[in-house]
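Before any comments, here is the structure.
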2 protein chains.
Amino acid sequence: MTIRDVAKLAEVHPGTVSRALNEETRALVNFETAERVRRAAEQLGYRPNRIARGLKTNRSFTIGVLIPDLTNPLFPPILRGIEDRLEQVGYTALIVNTDNDPVHERRHLEALLARQVDGFIAATARLDTGSLARVAADGTPVVLVNRSLEDGALPAVTVDDRHGSRLAVDHVVALGHTQIAHVAGPQNVSTGHRRYLGLLDALRAHGLEAPAERVGFAAAFSEPEGERACSAVLDGGGRVTAIVAGNDRLAIGCYDALEARGLRCPEDVSIIGFNDMPFIDRLRPPLTSVRIPQREIGAVAADLLLGQLSGEPPDAREILVAPSLIVRSSTAPAAAAPGS
Amino acid sequence: MTIRDVAKLAEVHPGTVSRALNEETRALVNFETAERVRRAAEQLGYRPNRIARGLKTNRSFTIGVLIPDLTNPLFPPILRGIEDRLEQVGYTALIVNTDNDPVHERRHLEALLARQVDGFIAATARLDTGSLARVAADGTPVVLVNRSLEDGALPAVTVDDRHGSRLAVDHVVALGHTQIAHVAGPQNVSTGHRRYLGLLDALRAHGLEAPAERVGFAAAFSEPEGERACSAVLDGGGRVTAIVAGNDRLAIGCYDALEARGLRCPEDVSIIGFNDMPFIDRLRPPLTSVRIPQREIGAVAADLLLGQLSGEPPDAREILVAPSLIVRSSTAPAAAAPGS
DNA sequence: CTGTTAGCGCATTCAT
DNA sequence: ATGAATGCGCTAACAG
């Protein structure tokens, strides 16, 4: 079923069929002719071949999306935000998992380029900046999501991590806590670093501080690392009544560390996570967490990219999306803590 | 950067470049010439345009993947299984979320067809069978994953649900339980129905039975429905010491129902889930669950489709993948239950 | 308003 | 073993 079959049935030239069926050029053709073409197309079950169209127009209406791992619950909502937005305007996402492996990243980038993607959205934690920047320099729009570059060379959509830390600190301070610890994520990842900086700021704003022995650094956003870092803090000697974790998985590790020491949450120690992952409300106790609007982040990133694709200036700026605090049962007033 | 630029630099005809760079036709060209072409391509950073290739060969090397919702933790592992397999052979997945909405389904199907996908993998729970069958009849291979058709009209890869139920029943029976209830999923979905049937079989094999008042039917695989159905069973009068749930979310609903009645798990009632979702081991108590090898299911489905694409007979058969039981702390010996 | 023509980048048939 | 020519299905520039 090609455009020529339709042309034959409608008794017009193929070029006319193309114009009649294309939204943007329909005005160029007589209404009645257009109707006739439309009916012929319908009758034949004609479906325009987007591959052929893409070859001619040099646009594929596809976007390459690079993520570390689809299986990480952080990403599906972001992807839905991206896909829903893209689909509204006829674009499709090509999703690839890099597993944070530089070799995979390169290979995928090449493959997507070969497929003529019109742009990229990258959510990988430490994607080779060089490759991406080069791609962008060569004229293919790139937007980062959930991460950003120090030099702001590429437009990025991220959560306002520092604000999130402030929300967490404000909450435990309001509950009367003063001995507040931090189980920080990896500092070479922007989220880990910013949440840490935000925490220091927030504490300072309340006239508090976080001595080094009350901050544990995890080498990865994983439960075991959370437990390790938390254990170091708990065993460090200083008293701790509240812990702000760099993300939910680290918070789960904190649960483990508390349990191993016979400490109860929230009676002995309050814990706050970050991300508000699915089912985190089903833990014991349900985790208080800073929710990041993942779907929105994805949608905003898609919008940014679509804007560039329609010729807007590349606007290499970082857009911060505000998180919110979801209070559950892992935090309680400091007064409730049994004296020690 | 087109094939012609390379041809010019290598001082050969474009056709030769095509042959030299294409794996399958490389043998047709002199080794030295091929080398010269390869070097020229590399020097120019030439990347074959797959769109153009697709137009010519009438293959896009893309596969349409229909799922209800990426955000449902069941699907990411399946998708990884699919993608990993596809990528090895140069295919890419186009993933669309149908949200179980027939209108969306149709629209997406059309859009994917317009993009000339070479085949489909469908995981949607109740995708209009007609559309899919028609697509398959028109020559585009279709493979179902995680669901199947009664008439076996389409090849399908599913978990052996009945076997899973048997594993669950065997486990609680081995623990000494005899009063075993079932909180079943929706019966118009193959997984829900088969798990129910498998449960009946398994009980019968142990000389037990499940009277109607010990089976609750949930209208959806959701926590609230699980709680509702479980409550009906618990309040039904008969004594119950173990519950096999249709999936993990229903099991979580069972937790809620128990808690509302002051019953403890596993001391008073043992509970088993199905799917072994991420973080389900972090519930209180960690849920015993039937694990389905999601990644493998995806990979097998991809293999099946790739087989059809390379001309194998359509083999409209259902492949069952065996689940396994993951024992955690939500199940305990019946003897441990306090008398009542 | 519609027909004509050309060509997107590549694979492939037919010559040579 | 390589060159030449053709066309995949569509859009766009130009005529008429």
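Excluded from the calculations below are hydrogen atoms, water molecules and symmetry mates; all remaining heavy atoms, backbone and side chain alike, are included. Chain letters run A, B, ... following the sequence lines, proteins first, then strands; residues in each count from 1.
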Between [options], spot the one nearest the side chain of [X], thanks.
| X | options | value |
| --- | --- | --- |
| A/Arg4 | D/dA4, D/dG9, C/dG9 | D/dG9 |
| A/Thr2 | D/dG9, C/dT12, D/dT2 | D/dG9 |
| B/Val12 | C/dC8, D/dG3, D/dT6 | D/dG3 |
| A/Lys56 | C/dT5, D/dT11, D/dC8 | D/dT11 |

Sidechain-backbone polar pair: A/Asn97 side chain, A/Asp99 backbone, donor-acceptor under 3.5 Å
no
Check whether B/Thr124 reaches the backbone of B/Leu66 with its side chain - one donor and one acceptor, N or O, closer than 3.5 Å.
no
Could you tell me the separation between the CG atom of A/Leu305 and the CD1 atom of A/Ile63, rounded to the nearest 0.5 Å?
4.5 Å
So, taking the atom named OG1 in B/Thr2 and the one named CG in B/Asn49, what distance separates them when rounded to the nearest 0.5 Å?
9.5 Å
What is the separation between atom [atom1] on [X] and atom [atom2] on [N], rounded to the nearest whole Å?
| X | N | atom1 | atom2 | value |
| --- | --- | --- | --- | --- |
| A/Asn49 | D/dT11 | CG | C1' | 13 Å |
| A/Arg53 | D/dC8 | CZ | C1' | 17 Å |
| A/Met1 | D/dC10 | CE | P | 11 Å |
| A/Ile51 | C/dA11 | CD1 | C1' | 15 Å |
| B/His13 | C/dA15 | NE2 | P | 16 Å |
| A/Leu55 | D/dG9 | CG | P | 12 Å |
| A/Ile3 | D/dC8 | CD1 | C1' | 13 Å |
| A/Arg115 | C/dG9 | CZ | P | 18 Å |

Quick one: label A/Pro48 by what it contacts on the DNA or RNA (base, sugar-phosphate, nothing), any heavy atom closer than 4.0 Å.
sugar-phosphate
What is the nucleic acid contact for A/Asn58, judged by heavy atoms within less than 4.0 Å: base, sugar-phosphate only, or nothing?
nothing
Count the heavy atoms of every other residue, nucleotide or ligand shown that sit under 6.0 Å from CD of B/Glu11, and state whether that count exceeds 12.
no
Side chains of residues 16-26 of chain B: which donor-acceptor pairs under 3.5 Å do they make with residues two or more places apart or in other chains?
residue: B/Thr25; atom: OG1; partner: B/Arg19; partner atom: O; Å: 3.1
residue: B/Thr25; atom: OG1; partner: B/Asn22; partner atom: O; Å: 3.3
residue: B/Arg26; atom: NE; partner: B/Ala20; partner atom: O; Å: 3.0

Return no unless some side-chain N or O of B/Thr16 is found under 4.0 Å from OP1 or OP2 of D/dG3.
yes
Which residues within residues 17-44 of chain B lie with some heavy atom under 4.0 Å of an atom in DNA chain D?
B/Arg19, B/Leu28, B/Val29, B/Asn30, B/Thr33
Side chains of A/Ser60 and A/Arg115 only: does a donor on one sit below 3.5 Å from an acceptor on the other?
no
